[in-house]
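Heads up: the structure comes next, in structure tokens.
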Amino acid sequence: MRLEDLLPSPEPVRFVAADGTGTASHGACPRPADDRLVEGYRRMVLGRRFDTQATALTRQGRLAVYPSSRGQEACQIGAVLALRDDDWLFPTYRDSVALVARGLDPAEVLTLLRGDWHCGYDPVATRVAPQCTPLATQTIHAVGLAEALRRNGTDGVVLALIGDGGTSEGDFHEALNFAAVRRAPVVFLIQNNGYAISVPLARQSAAPALAYKGIGYGIGSEQVDGNDLVAVLAVLDAAVAHARSGHGPYLVEAHTYRMEAHTNADDATRYRDDDEVTRWAAADPLARLRTYLSDRGLIDDEAVRTAEAGAEAFAARVRTALNADVPADPRTLFDHVYAEPTAQLEEQRAQLVAELDAREA
Amino acid sequence: MRLEDLLPSPEPVRFVAADGTGTASHGACPRPADDRLVEGYRRMVLGRRFDTQATALTRQGRLAVYPSSRGQEACQIGAVLALRDDDWLFPTYRDSVALVARGLDPAEVLTLLRGDWHCGYDPVATRVAPQCTPLATQTIHAVGLAEALRRNGTDGVVLALIGDGGTSEGDFHEALNFAAVRRAPVVFLIQNNGYAISVPLARQSAAPALAYKGIGYGIGSEQVDGNDLVAVLAVLDAAVAHARSGHGPYLVEAHTYRMEAHTNADDATRYRDDDEVTRWAAADPLARLRTYLSDRGLIDDEAVRTAEAGAEAFAARVRTALNADVPADPRTLFDHVYAEPTAQLEEQRAQLVAELDAREA
Amino acid sequence: MSTATGPGELSLAQALNAALRDAMGDDDRVLVFGEDVGALGGVFRITDGLTAKFGEERCFDTPLAEAGIVGLAVGLAMGGLRPVVEMQFDAFAYPAFEQIASHVAKLRNRTRGALPMPMVIRVPFAGGIGGVEHHCDSSEAYYAHTPGLKVVTPATVEDAYWLLRDAIADPDPVVFLEPKRLYWSRERVDLTTRSAGPMGRAAVRRAGTDATLAAYGPTVPLALQAAEAAAADGISLEVVDLRTIVPFDDETLMRSVRRTGRCVVVQEAQGFAGVAAEIAARVQERCFHSLAAPVLRVTGFDIPYPPPKLEHAHLPTVDRILDAVDRLQFDDEPDLRHTGMAA
Amino acid sequence: MSTATGPGELSLAQALNAALRDAMGDDDRVLVFGEDVGALGGVFRITDGLTAKFGEERCFDTPLAEAGIVGLAVGLAMGGLRPVVEMQFDAFAYPAFEQIASHVAKLRNRTRGALPMPMVIRVPFAGGIGGVEHHCDSSEAYYAHTPGLKVVTPATVEDAYWLLRDAIADPDPVVFLEPKRLYWSRERVDLTTRSAGPMGRAAVRRAGTDATLAAYGPTVPLALQAAEAAAADGISLEVVDLRTIVPFDDETLMRSVRRTGRCVVVQEAQGFAGVAAEIAARVQERCFHSLAAPVLRVTGFDIPYPPPKLEHAHLPTVDRILDAVDRLQFDDEPDLRHTGMAA
Ligand SMILES: Cc1ncc(C[n+]2csc(CCOP(=O)(O)OP(=O)(O)O)c2C)c(N)n1
Ligand SMILES: Cc1ncc(C[n+]2csc(CCOP(=O)(O)OP(=O)(O)O)c2C)c(N)n1
Ligand SMILES: [Mg+2]
Ligand SMILES: [Mg+2]
């Protein structure tokens, strides 16, 4: 790759301005087809409704905790739309919206946050790695999986999600480097939402933008307005195509904002102004896309209502599923530590079973 | 810093060509003063002689192991000349030549490799951190120490050495990032000698050059011909001045070559051609500097002879020191694990003492 | 340990906060840093108000990188400062493991005392708070097995304050394990005096004659409850709170076991090769002929920490401790129910 | 174990190399990677010739980053491959500790079996080779304390071959600890058959009646020498080679100790909270009334691994084992000389 291709555009790629009007700054990427944008709109509506629903469920005690991605829907849905079914996604704890938008069962997605089990869906069947808690560690797994896809003779691609804070971890550096040296078909998408819990980007990095990290590994990079689905999808399309065609990894930084606190348990007033939140509300990705699409006659009021009704129905499904009590059986704690429980684990399970039996008797 | 200042020169900065003639490509750095170059020559002669001597001592069984830096003297001496006495140096296992050039007692430097103790010199008195074995870990210590200097109200600077292989470790990434965010007065000097043991640079990184890593952290960077002392010193002078004046860290990549095997125990024929070594021999940093200085009348045959005689005398001192048997007392093993040995360690020492006493009786 | 609230009372979290504040006030060299310790005051609010009081130079947020945080502390300690760093949760200290094991623990030894490493690595410790995976690990054994580190864990509000003060004043690196589920436990305390000994000494929290319960950190209140319950049945249990895992206070524990002749070690971590194993091994080495029964262990199972809804099944309970006491028996039957250990 | 050389003999290093070669030949999914494992064949030459034979796709050098190496292996295992990675020395596996503890050990459990982690992490293990600092750590306890990992260490040439084959074929992640100082020990072996049991079983290497020596990896030959020396004095020692630390073979060890009534555990690592502590704790839990004396430990001291010239003082010796056997005494005197453990 030429030196110029390794550096991102000086300004984030943008197709749609905050007020929904088209802009001139597109980078080199073509605009995604209309039907994909309309589908993106539908999934963003659904994703936002899911997010609100999940937050509500924490208040009702049905979820232990929920990290909202309100405001980041363009990134989450863009990531999903850029992938084929046989591609893999490596999400973090914040990316539940991406998972339901990819079609995963919301109850399975929320198994982790409900506290039933660590991962509720089948990563192999869904081609979605477990939502990762230890920051940045998933990015190197993504490289390994991408290499496995190549070795298995497919042209599958892996998309790894990471936050701005996560980029500070050593594992992210190692992942970028391994990906570049091994030319793995992997796209790294940084959702730079301005904060790592309470820590603002300025304390996280002094780089002109996080996308400038690519050149240090020989990885092509781009930065994009992360609240503009059209731009996110356009840039990710190019990145995924790059990886799929054997040209190795690609790094994308999406500039976005976390509208809610870090999780429902966090108190964001301790570290940021309401003003800042209000300013970002004006850049809302969903309103922006709606205006853009309706201005172009791609959606009408009817389509908006249909999308919202679909989202409501989905939210009802989520409520029903989460309000059902799923029994969690302690006897299963020993089942999957190893392929076969060791003699020690068998005995520990027997002890627990005896204890439970005694309690029930 | 402006974006342009964060990227290195497209070609390594060079003042002196391989054949000793001056070149046009100087980057923006002024040429160091003549007397410093002459002093640099003297120390390079000494350093090389020390290096040969140490390798010889491994053959005589006086050293357990020695990682030669033959061919890297311009980097090692450049690093030392760029620093004031009250600045700190953070070396690796390969940087013994830098240490003796800084004036450390060679026997104390070789304590590690002789197997007497882990570090033989006093890091505080010498302002040289212990030669670091776990790769890249020292770079973040360097950042902390640099911050301590600033907090202590001095304008001291820290220079951290690292190899090309070491740059792949996560700790290097974290060190660069912490240094940039905290604007620590630290200079990172990558001695890119082409190999990490047997692994060539192409398998270590796909970056256009390692110096391109700086921009991803907002750190100014430069690359330099690491076999040209004039250039190394010029670039490091600028980097150190940058750090000293409160502008934060700086990253320098020096392109050089390790003429010997990784250590005396390594077999370099397994992974590289003699041809390659021969080619690099023509770029020898010492011969190059001698030609350059004598062409300019800065040294004459007499000066060369004096430098070499000084180096011989030094080598004799090293031999004498290393041929003396230093008794290593196992009773001291418990002395510095904690400030005061714990009750358990006291008892373990008592047991060992009883055992030794019994054996001696 | 009282859990009532009222005036003059302090939570364990508040005591830790007070210890940091007082240590920073007394010694300019003390610096507090880590993830979210500044404006937010830490996810558990242990550093609350420190930046406001002492400024950003003394208490600050770092980039999100634990090896970097500990490595920065190493460099600062080399430069004469006294860093107190926070790891956000047990499992998030693992990225710093190399820095801790290869440098923090060894630099003093490496340099024959020239580079001491006075620093405190604070780790919110163990479970019982319904945290999702990676938020409830018990990692004390990793540190306790690493020579050069001291390992301390408070179980009372008073100890939270004083042991942390001791740790910060200590010339050696201390891994300071804060039992998460005790953060909100409250006691009426007077922090101007201390009742337990300094760091390095265990404390007999309750005197007894029939058997000794050895516990530390989160299992101390549990052991006390078990002793209370046993007393109702006429069994007199002595409870030893180890307080400091390294260096280990053999004297206090062995004196107790030699008297009671029986011992149960209670630890929340998975059992295999944990600190309870060390304690059991030491006790039988030193008190063998005083022992009327094997030293038993009540520990977590040898499984990854369970999800929130199942942690209750994993964690040591009062019942399991009492069962173990009941089984301090006199034959070789491997009757080790509920101990997380069996064969 | 014979140390003579001659035709038909193999070194332990060569047996490991053969195991890798045969495993790669039998199963295309087996990949070998790490630092310097390609052209160089590894710093100990364990991977010698593999790239030449199987090509760069099957055996390759990676960038120099251990977390990356293990993390890459995690992703490859998710994709159905069977990675065998090399950590260059014990202490250089520490940067990968988070990947190992938080992912390798837990991904199968996290996903209820959907993402098994069949991989082998090979670690040149322990000291006795005059290596400078960081090259001789004993790190088995860190892994053994982490549920989800299996931990294996061979002590014979035959076991080197077969245990590594077993580890590669195993559906679970195995930390495979290769005793560095045994790399060059040689035996006349026929690798087409195996005399010891599969991974997971201990082996009685020498039968005896007076006491049991429990050892693993580098201390097995030492225990055998001690038994040989004791026999000359009329003391009959049984030597149990654990072979697999996790899962632990209680049956073989307990059967032995119940018969001999005495036990010494020999481990090279620092003693505190090490694997020997677990073994001592287990033995007294399970064989208490068969024991005529406390289970003693002979271990390294609780210090960082010493420099080359002093390692001899730190490492367990035949004399220390014999001293411990002599002290399998009958009172509570803490007579634990030379065990690295005392109070
Ligand atoms: C290795 C590690 N260290 C610390 C944490 C605790 N933690 C959870 S989320 C978080 C902030 C992450 O910020 P960012 O990467 O920007 O992602 P965001 O939450 O903004 O999506 C922290 C510090 C963790 N999960 N893993
Ligand atoms: C964390 C860590 N991993 C592995 C090693 C083993 N090792 C020692 S030197 C070396 C190669 C280092 O290469 P480079 O950084 O280029 O430095 P050079 O030896 O060329 O000076 C390796 C892999 C180590 N010392 N530390
Ligand atoms: Mg963020
Ligand atoms: Mg190199």
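Proteins come first, then strands; the chains are lettered A, B, ... in the order of their sequence lines, and each starts at number 1.
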Chain C contact via D/Ala67 - which portion, at a heavy-atom distance below 4.5 Å
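Neither the backbone nor the side chain of D/Ala67 comes within 4.5 Å of chain C.
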Which portion of D/Ile245 sits near chain C, non-hydrogen atoms under 4.5 angstrom:
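Both backbone and side chain.
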For chain D, the option from C/Val275, C/Asp137, C/Ile303 that forms the most heavy-atom pairs under 4.5 Å
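When all of C/Val275, C/Asp137, C/Ile303 are compared, C/Ile303 has the most.
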Going by the rule salt bridge (charged side-chain N to carboxylate O under 4.0 Å, His left out), which residues pair with D/Glu140 if we only count those two or more places apart in sequence or in a different chain?
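With neighbours one apart ignored, the set is empty.
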Report the option among D/Ala276, D/Ala96, D/Ala101, D/Pro95 that has the most heavy-atom pairs separated by less than 4.5 Å from atoms of chain C.
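Highest number of heavy-atom pairs under 4.5 Å: D/Pro95.
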Non-hydrogen atoms of chain D under 4.5 Å away: do they reach the side chain of C/Val246, the backbone, both or neither?
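The side chain, not the backbone.
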Name the region of C/Ala269, side chain, backbone, both or neither, that has any atom closer than 4.5 Å to a heavy atom of chain D.
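The side chain, not the backbone.
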From C/His103 NE2 over to D/Tyr94 OH, what is the distance, rounded to the nearest 0.5 angstrom?
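Output value for this atom pair is 12.0 Å.
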Go through it in stages, so that I can follow the logic: the residues are D/Glu285 and C/Arg297, the test is salt bridge (Lys or Arg N to Asp or Glu O under 4.0 Å), and I'd like the CA-CA distance, side-chain angles, deciding distance and then a yes or no.
CA-CA 9 Å; D/Glu285 278 164 355; C/Arg297 292 179 275 171; 2.7 Å; yes
Using side-chain heavy atoms (C-beta onward) and a distance below 4.5 Å, is C/Arg282 in contact with D/Phe272?
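C/Arg282 reaches D/Phe272 side chain to side chain.
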Pairwise side-chain contact, C/Phe288 with D/Phe288, heavy-atom cut-off 4.5 Å (strictly under):
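Answer yes - side chains close enough.
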Restricting to non-hydrogen atoms, name the atom on [X] and the atom on [Y] that form the minimum distance, rounded to 0.1 Å.
X	Y	value
C/Ser102	D/His134	O-CE1, 3.4 Å
D/Ala281	C/Ala277	CB-O, 3.8 Å
D/Glu278	C/Gly274	OE1-N, 4.4 Å

Any salt bridge between C/Arg110 and D/Glu133, counting N to O under 4.0 Å?
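Answer for the salt bridge query: yes.
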Backbone N/O of C/Val295 and side chain of D/Gln284: donor-acceptor pair under 3.5 Å:
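Yes: the side chain of D/Gln284 pairs with the backbone of C/Val295.
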Parallel, tilted or perpendicular: which one describes the rings of D/Tyr142 and C/Phe97, with boundaries at 30° and 60°?
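Answer is perpendicular, since the angle exceeds 60°.
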May I ask you to list the residues in residues 143-152 of chain C that approach chain D closer than 4.5 angstrom, counting heavy atoms only, ordered by number?
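Within residues 143-152 of chain C, the residues under 4.5 Å from chain D are C/Ala144, C/His145, C/Thr146, C/Pro147.
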